[in-house]
Amino acid sequence: MNRPKIPGLSPALEINTIFCIGRNYVEHIRELNNEQPDEPLVFLKPITSLLFNGGTIQLPRKSADVHHEVELVVAISKKGKNIAPGRALEYVAGYGVGIDITARDLQHQAKKSGHPWSVAKGFDTFAPISSFADANAGKNPQDLDLTLEVNGTVRQRGNTSLMIFPIKQLISYLSEVFTLHPGDLIFTGTPAGVSPLKKGDQVKATLGDELCTLSVNVDNQ
């Protein structure tokens with residue numbers, strides 16, 4: 001199958017595995033009454049969950065409570081295993097902004113039963129991503145504002161400096177478990193302010209001072 005490519009990067013990279021990090025901002029942990037993890041909490045999304053700028057998030061019939069979670073997304077440039085934190089950024093091709101869409105009611109049910117979150121996180125269109133900025137653009141990825149607006153109203157605002165596990169540590173940790181490959185994406189966690197989406201919403205996510213922007217619509221499945 002022909003895999004989609006990461007928009008904005010040259011040379012273009014085909015998208016491979018989509019890694020996601022949960023509970024990486026203290027205020028988001030508090031707003032959902034979760035416990036802070038001792039090491040990165042990792043889950044995956046299928047490639048079919050991808051959505052690109054200008055697309056439409058499809059609210060599934062199985063859920064009545066779908067939330068937005070704005071995140072910095074890291075694109076991996078080359079194969080790596082057991083990467084030292086001090087060398088981790090050498091494996092980054094670029095940075096973008098993404099939205100981890102979550103069927104919160106299905107996630108709560110899964111957590112209550114001790115089941116995985118795959119269904120709550122993995123519906124089609126549940127991983128919108130922007131065009132990516134090159135890692136050598138001169139911006140400090142660990143000090144970038146994250147903002148998400150719905151219908152022009154800001155719902156989420158944070159900064160990547162507030163991550164519990166910074167980017168270097170996330171890449172190093174993931175590479176201890178998985179061999180990382182070019183085109184892998186890492187959703188790095190969301191700040192506080194997550195809330196429901198409804199049909200007709202217009203969503204805009206921004207990374208840095210318009211370094212990356214993402215605009216998507218919302219409709220029923």
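What you see is a predicted model; the values in this text were computed from it and never measured.
In the hydrophobic clustering of ILVMFWY residues, with side-chain heavy atoms under 4.5 Å counting as a link, Leu50 and Val119 come out apart. The cluster map of Ile, Leu, Val, Met, Phe, Trp and Tyr, joined by side-chain heavy atoms under 4.5 Å apart, puts Val194 and Leu106 in different clusters. Leu185 and Val42 sit in two unconnected hydrophobic clusters of ILVMFWY residues. Membership requires side-chain heavy atoms under 4.5 Å apart, directly or through other members. Under a hydrophobic clustering in which Ile, Leu, Val, Met, Phe, Trp and Tyr are joined whenever their side-chain heavy atoms come within less than 4.5 Å, directly or via other members, Ile18 and Ile101 fall into different clusters. The same ILVMFWY cluster, assembled from side-chain heavy atoms under 4.5 Å apart, contains both Ile6 and Phe187.
Qualifying salt bridge (charged side-chain N to carboxylate O under 4.0 Å, His left out) partners for Lys111, counting only residues two or more places apart in sequence or in other chains: none. Taking the ring pair (Phe, Tyr, Trp, His ring centres under 6.0 Å) definition, one finds that Tyr95 meets it with nothing, sequence neighbours left out. Judged as a ring pair (Phe, Tyr, Trp, His ring centres under 6.0 Å), and not counting sequence neighbours, the contacts of Phe178 are Phe19.
Summarising the geometry of Ala88 relative to Lys168, their closest heavy-atom pair is CB-O, 3.6 Å, with the distance given to 0.1 Å. Listed here is the closest heavy atom pair of Pro37 and Ile29: CD-CD1, 4.1 Å.
Considering CD of Glu35 and CZ of Arg23, their distance stands at 7.5 Å, rounded to 0.5 Å. To the nearest 0.5 Å, atoms CG (Asn217) and CD1 (Ile57) are separated by 8.5 Å. In this structure, OG in Ser172 is found 12.5 Å from CZ in Phe165, a value given to the nearest 0.5 Å. Rounded to the nearest 0.5 angstrom, Glu14 CD and Ile47 CD1 are separated by 8.5 Å. Summarising the geometry, atom CG belonging to Leu174 is positioned 10.5 Å from atom CD belonging to Gln169; distances are rounded to the nearest 0.5 Å. The distance from the NZ atom of Lys199 to the CD atom of Gln221 is 13.0 Å, given to the nearest 0.5 Å.
Residue Leu41 belongs to a hydrophobic cluster whose other members are Phe43, Trp117, with links defined by side-chain heavy atoms closer than 4.5 Å.
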Check the pair Arg157, Asp145 against side chain to side chain contact (heavy atoms under 4.5 Å, CB included), reporting the backbone distance first and the verdict last. CA-CA 7 Å; Arg157 193 190 299 278; Asp145 290 331; 5.9 Å; no
Should His28 and Ile164 be marked as a side chain to side chain contact (heavy atoms under 4.5 Å, CB included) after you check the CA-CA gap, both sets of side-chain angles, and the distance that decides it? CA-CA 11 Å; His28 174 58; Ile164 297 169; over 6 Å; no
Under 3.5 Å, which donor-acceptor pairs do the side chains of residues 125-132 form with other protein atoms, sequence neighbours left out?
{"residue": "Thr125", "atom": "OG1", "partner": "Gln58", "partner atom": "N", "Å": "2.9"}
{"residue": "Ser130", "atom": "OG", "partner": "Val97", "partner atom": "N", "Å": "3.0"}
{"residue": "Ser130", "atom": "OG", "partner": "Val97", "partner atom": "O", "Å": "3.3"}

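Within the structure, the salt bridge (charged side-chain N to carboxylate O under 4.0 Å, His left out) test picks out the following pairs touching residues 53-77 (sequence neighbours left out): Glu69-Arg104, Glu69-Lys121.
For the pair Val70/Pro191, a side-chain contact is recorded, criterion being any heavy-atom separation below 4.5 Å from C-beta on.
Remark: the backbone N or O of Leu144 is paired with a side-chain donor or acceptor of Thr160 at under 3.5 angstrom.
For the pair Asp209 and Lys139, the salt-bridge criterion is not met [side-chain N within less than 4.0 Å of a carboxylate O].
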